[in-house]
Amino acid sequence: MFKRLFAILFVATAAFAQTAVLHCGSVLDVKSGQYQRNVFIAIDGEKIGAIGNSAPAGAKVIDLSTETCLPGLIDTHTHVLLQGDITAEDYDVQLLKYSQSYRTILGTVAARRALDYGFTFIRDLETEGAMYADVDIKKAINQGVIPGPRMQVATRALDVTGAYPLQGYAPEVPVPHGVQLVDGPDNARKAVREQISFGADWIKVYSDRSYFVRPDGVLDDIPTFTMEELRAIVDEAHREHHKVASHAAALNGVHNSVEAGVDSIEHGQYIAPEDIKTMVAKGIYYVPTLYVGEYVAEGRAKAGAKVWVDMVKIHADAFKRAHQAGVKIAFGTDAGGFDWKINPAVEFPLMVKYGMSPIEAIRSATTVASELLGMQAQVGTIDSGKLADIVAVPGDPLADVGLLQNVNFVMKGGQVYKQP
Ligand SMILES: [Zn+2]
């Protein structure tokens, strides 16, 4: 009875909200890469209603006639619970000196910033020691308690003993870790079950560490999991209809991950030619996160790890090879790995610099990203019946993709969060 009453109220609210119409100077059809001029988009509750070339009588028109409208942007690799970590010290202090409650407060601010930048959907790829706080931030956003993007979350992530910070403390000092430590396939499988039971949408694994450049230019690493462990994680996640994102920056981490059948490769500074072929064949997505590598390189080199400077060039080369081979590339930035005060849309010009056309870069953050999230029926294009997640920029993002750093209108689920 209560449920039915609620449904009736919802319908009434939706009907009441139908009067809003966006008048866009241009709408970018991300599928064709073409502009439609002078478009009126009716907002029907949380969804997109009719799209036409005039406003229905009596409609409340939001004037975006000097703007280009496009689908809400999607960042498929963020950390709202991390506030930048150029050096190991930056990271350690957040886990050692900030309470999880304080980190969650900062996380709500990061989520708000993401939405304000025009990212109406994020895949947040682990809490870095803040346990299940991402599930709570997502819940608070979905219940309208705080503003923020739609979220898919990975909770704690998985790595093996001895591979992930905090490291380097005296053995007798118990320190927190930025992941859930698992050893052995049964233990790993149990952790997957646990994380899913507490709200994980994705399972995140760290597949490699300790990077070094070989004389032949290949970026080598130490793989973390055994193949048996990695296969158990992927099998358990898939058995429960969840996907696996693998942090894999170099040779063995990427190879083991694609062989185990993960759903996305995160970072991929180096990907061997045969692994690029496997990614195309299996439909595994590549989330390159180009900007964060450049952001941390100098600081990490100063702290003694010069390899991060070399990795920038190797990364650009891997990106070019993967793009040319037709790997599905989804937009992801690792925001939180860099300061949330930096707009993650800084990634777009880098993708274009390394070989994508502007429309391909925009697709990576709309249609391609929506497919990675399994949400292509709901988001990713401006089409009648989809969720009304729409942003706007003043100008032509196909002429200058850097304009995506100037989103000045943000609508999510039919609600306006930012207006010029
Ligand atoms: Zn990350």
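For the numbers below, each heavy atom of this structure counts, side chains included, while hydrogens, waters and symmetry mates do not. Keep in mind that this is a model prediction, so the values were computed, not measured.
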Working to the nearest 0.5 angstrom, can you tell me the gap between [X] [atom1] and [Y] [atom2]?
X	Y	atom1	atom2	answer
Leu403	Leu398	CG	CG	10.0 Å
Arg231	Phe225	CZ	CZ	14.5 Å
Ile43	Ile62	CD1	CD1	7.5 Å
Arg113	Asp339	CZ	CG	7.5 Å
Ile284	Glu259	CD1	CD	8.5 Å
Glu126	Thr78	CD	OG1	11.0 Å

Test side-chain hydrogen bond (donor to acceptor under 3.5 Å, both in side chains) applied to Asp75 and Thr333, step by step:
CA-CA 7 Å; Asp75 188 337; Thr333 65; 2.5 Å; yes
With sequence neighbours excluded, tell me which residues meet ring pair (Phe, Tyr, Trp, His ring centres under 6.0 Å) with [X].
X	result
His23	Phe40
Tyr91	none
Phe331	Phe119, Phe348
Phe212	none

Could you check Asn252 against Asp221 for side-chain hydrogen bond (donor to acceptor under 3.5 Å, both in side chains), going step by step and ending with a plain yes or no?
CA-CA 6 Å; Asn252 300 293; Asp221 56 4; 2.7 Å; yes
Both conditions, 6.0 Å and 45 degrees, for the charged tip of Arg300 above the ring of Trp308: are they met here?
yes
Check: [X]/[Y] side-chain N/O donor and acceptor closer than 3.5 Å:
X	Y	answer
Asp396	Tyr35	yes
Asp124	His79	no
Asp134	Thr127	no
Thr289	His267	yes
Glu128	Tyr164	yes
Glu194	Ser197	no

Kindly check if the number of other-residue, nucleotide or ligand heavy atoms within 6.0 Å of [atom1] ([X]) is above 12?
X	atom1	value
Lys190	NZ	no
Lys418	NZ	yes
Tyr102	OH	no

Do the non-hydrogen side-chain atoms of [X] and [Y] ever get within less than 4.5 Å of each other?
X	Y	value
Val27	Ile390	no
Ser264	Leu372	yes
Gln378	Arg150	no
Leu219	Val307	yes

Given Ser257 and Ser207, is the side-chain hydrogen bond (donor to acceptor under 3.5 Å, both in side chains) satisfied, shown in steps?
CA-CA 7 Å; Ser257 297; Ser207 297; 3.1 Å; yes
Could you work out, with side chain to side chain contact (heavy atoms under 4.5 Å, CB included) as the rule, every residue matching Ala272, not counting sequence neighbours?
Leu251, Tyr270, Glu274, Asp275
State which residues pass side chain to side chain contact (heavy atoms under 4.5 Å, CB included) with Met131; sequence neighbours excluded, sorted by chain then number.
Gln100, Arg156
If we check side-chain hydrogen bond (donor to acceptor under 3.5 Å, both in side chains) with Asp317, which of these qualifies: Arg321, His315, Lys320?
Arg321
Would Leu95 and Arg103 satisfy side-chain contact (heavy atoms from CB on, under 4.5 Å), going step by step from the backbone distance to the final call?
CA-CA 9 Å; Leu95 274 73; Arg103 292 186 64 193; 3.8 Å; yes
Applying side-chain hydrogen bond (donor to acceptor under 3.5 Å, both in side chains), run through Gln94 and Asp85 and close with a yes or a no.
CA-CA 9 Å; Gln94 293 182 54; Asp85 66 322; over 6 Å; no
Quick one, Gln152 with Phe121, criterion side-chain contact (heavy atoms from CB on, under 4.5 Å). Give me CA distance, side-chain angles, the key distance, then yes/no.
CA-CA 8 Å; Gln152 289 185 357; Phe121 208 140; 3.9 Å; yes
If the threshold is 4.0 Å, N to carboxylate O, is there a salt bridge linking [X] and [Y]?
X	Y	value
Glu266	Arg123	yes
Arg239	Glu236	yes
Lys31	Asp29	no
Asp201	Lys243	no

His247 and Tyr206 aromatic centres sub-6.0 Å:
yes
Mind checking whether Tyr295 and Tyr291 have parallel, tilted or perpendicular rings, split at 30° and 60°?
tilted
Determine, stepwise, if the pair Tyr354 / His323 fulfils side-chain contact (heavy atoms from CB on, under 4.5 Å).
CA-CA 9 Å; Tyr354 296 135; His323 176 235; over 6 Å; no
Would Lys302 and Glu298 satisfy side-chain contact (heavy atoms from CB on, under 4.5 Å), going step by step from the backbone distance to the final call?
CA-CA 6 Å; Lys302 266 189 203 152; Glu298 206 175 303; 4.0 Å; yes
Can you list the steps and then say if Asp235 with Arg189 is a salt bridge (charged side-chain N to carboxylate O under 4.0 Å, His left out)?
CA-CA 8 Å; Asp235 177 67; Arg189 203 177 275 276; 2.9 Å; yes
